[in-house]
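The structure under discussion appears below in the form of structure tokens.
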Number of protein chains: 2
Amino acid sequence: MKKREVRTLSEVAELARVSESTASRALAGSPLVAEKTRKHVLQIAKLCNYVVNQNARNLRLKQTNVIEVVSPVWQNRRKTIADPFFLELLGAIGDNLNAKGYDLLLSTQPPWNDDWQRNPLMTGKADGIILIGQGASDPMIHELANDYPQVVVWGADIPYQPYCVVGSDNVEGGRLATEHLISVGRQSIAFLGDIKMPEIGHRHEGYRKALAEAGRPYDPDLTFSVPFDVGAVHNSALELVNSGKDFDAVFATSDVIAMSLISELIASGRSVPEDVAVVGFDNVSSSALYNPGLTTIAQDMALGGKLLVEKVLARAAGEEQGSTLMPVKLIVRSSCGVNL
Amino acid sequence: MKKREVRTLSEVAELARVSESTASRALAGSPLVAEKTRKHVLQIAKLCNYVVNQNARNLRLKQTNVIEVVSPVWQNRRKTIADPFFLELLGAIGDNLNAKGYDLLLSTQPPWNDDWQRNPLMTGKADGIILIGQGASDPMIHELANDYPQVVVWGADIPYQPYCVVGSDNVEGGRLATEHLISVGRQSIAFLGDIKMPEIGHRHEGYRKALAEAGRPYDPDLTFSVPFDVGAVHNSALELVNSGKDFDAVFATSDVIAMSLISELIASGRSVPEDVAVVGFDNVSSSALYNPGLTTIAQDMALGGKLLVEKVLARAAGEEQGSTLMPVKLIVRSSCGVNL
DNA sequence: CTGTTAGCGCGTTCAC
DNA sequence: GTGAACGCGCTAACAG
């Protein structure tokens, strides 16, 4: 079994009887080196299992080839349902980063914690940051993006905040969901989600828009605001279920929330979709496996990951990059019954 | 708005009218520096928003404060259901790493790809590696762990492979699941899962053990082996559903597989738990939200993350660390009906 | 084409 | 207590 001891460039150079520079050039595939000596150096390097020390290389090159991904969701992980949506988006980001030769540093803490010591751009740990979700930290993001252009966020495009964001067309998503519920003959449609979060706020806008388009009145009592926290999701679903309100449909603003709601509905003796139709949001992979199959609004996570990576790398390279709103799609399954 | 320009230690030293060494010592909190000058340097540093460059620091210290987490699951992500189980374990790992001041480098590629160039231990990118899952790459893991002790894997403890693994007692889990199905009065219990994967193999052992303990015969035709790949999960669930085999219970080896199966069962007109009882594995958070609530075997992901981190850091520090088998627990919900 | 020199930003000997 | 010098491992500028 060959030992994989880490060696230094100078050792390789010595063994190959060339200078460090030539060894370096050979390894980097520089055209400034003779084909013969290049082959020689490469062979020696392979022989002693040499690999360049990225740390030293990065120090010299003043770059890192690392992008940090931060999920505020994680800040209160213990209270939070591990939403598969995040994993799917993370996967897409990882794939795209990898394809471009970048590493992914995953952080559970926002960059502005510990008096900005956590900021990987300041500590030289990363070349850029992808922030997942804005929530309440929008002002901090604003400040961060103001100092560092190489920041991109996944979330809602808030007009007066001029940082680069990639996200779905949440207004249209909300509209589509609600429109579908209306088209399927439902009369009283409730809304379940934390409208203080920008993305959810937009979905609520779409909800009201669809109502208006159909000439329906908007009843504020049918909007149930729920923080993204497992106890609260549960409580709000319960609150809605036990509200005594008369509703025959619910637009739940995430698939996980929809599932939580449906399980409560069923526990309370109501059936889905017969008694109440439900549409979710995200098109998480398990929504197809749910019983009943969840009708939902699909976000294109693959495209999202691609765009986030493209933009953050472009910005790290000094280019300008604007925000992008991605189209959404209605996926019809069984949780709303059939068209009447 | 204050600019957060990255400055160097020598600049801070100059501004503080001390040498680089003293500045370095002051920032590191060394006792070799006078309290007065320490305060002074710190103030200057704060004033110009100085943060030490970790890259340079690490190069000097020959360490990285980074642990790489690799999930082979990701190698074929496009075909794979984003299993929430992974996200929950990842979260636990991240929390523990963070608490110890370590960063988490997430990799979609195993360290032995690209002729070992991906190995973060060789490139100086990380101090240790946590591998999630063994699957078919067991020989490569074996070789890797042989060269580098600072590797820990989540999976099944295969006796003849002497690397450090943390995992659940899968045999006992399989036994508990099957025993429950028996105790609930089921006669013909099928097994659904890819027994070529070590962990699933152990669960299958437990399945047979419970059967034997109850004096039941083992019918190989009731074991349906399914690769962890979305199409195949679906196909195998379908295969099982349409097999014509006479079964009134299924032990599905993950919650996601269980959900997929149940949705097929229902589509085929059978009801759960009345016609067939199902128990899953993992106790993923959404299993409580499923309809019907999924009876399952809980793995302690929080403990798992804690142990993985403790062991990898200990090993990176040169200490010995053996494998750990964690206890599992049966969580009874509605998918098996009530005890007869 | 190749070797010599210098320095990325920091921590740590060793003198004073 | 403090400063000067050195080197972590590598790449880029400059000669030749």
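Naming convention: chains lettered A, B, ... in sequence-line order (proteins, then strands); numbering from 1 in each chain.
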Donor-acceptor pair, [X] side chain versus [Y] backbone, under 3.5 Å?
X      : Y      : value
A:D114 : A:W116 : no
A:N96  : A:A92  : yes
A:R315 : A:P149 : yes
B:N53  : B:N55  : yes

Measure from [atom1] on [X] to [atom2] on [N] and round the result to the nearest Å.
X     : N      : atom1 : atom2 : result
A:Q63 : C:dG9  : CD    : P     : 14 Å
B:H40 : D:dG1  : NE2   : C1'   : 15 Å
B:R38 : D:dG1  : CZ    : P     : 13 Å
A:R25 : D:dC14 : CZ    : P     : 13 Å
A:E11 : D:dC8  : CD    : P     : 11 Å
B:N58 : C:dC8  : CG    : C1'   : 14 Å
A:N65 : D:dT11 : CG    : P     : 12 Å
B:L9  : C:dG11 : CG    : C1'   : 9 Å

For [N], does OP1 or OP2 lie under 4.0 Å from any side-chain N or O of [X]?
X     : N      : answer
B:K62 : D:dG9  : yes
A:T22 : C:dT2  : no
A:Y50 : D:dC10 : yes

Would you indicate which nucleotide in [options] comes nearest to any side-chain atom of [X]?
X     : options                : answer
B:S21 : D:dG7, D:dC10, D:dA4   : D:dA4
B:V18 : C:dG3, D:dG3, D:dT11   : D:dG3
B:E20 : D:dA4, C:dC10, D:dT11  : C:dC10
B:T8  : D:dA13, D:dC10, C:dC10 : C:dC10
B:L59 : C:dC1, D:dG9, C:dG3    : D:dG9
B:L61 : D:dC8, C:dG11, D:dC10  : C:dG11
A:R60 : C:dT4, D:dT11, D:dC8   : D:dT11
A:A56 : D:dG9, D:dG1, C:dT13   : D:dG9

*Return yes if a side-chain donor-acceptor contact under 3.5 Å exists between B:S24 and B:S21, otherwise no.*
no
*Answer yes if the side chains of A:N58 and A:T64 hold a donor-acceptor pair under 3.5 Å, and no otherwise.*
no
*Identify, between B:L32 and B:V52, the residue whose nearest nucleotide on DNA chain C lies closer to the 5' end.*
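Nearest nucleotide further toward 5': that of B:V52.
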Should the side chain of [X] and the base of [N] be counted as holding a donor-acceptor pair, with the cut-off at 3.5 Å?
X     : N      : value
B:R7  : C:dG9  : no
B:S24 : C:dT12 : no
B:T37 : D:dT2  : no

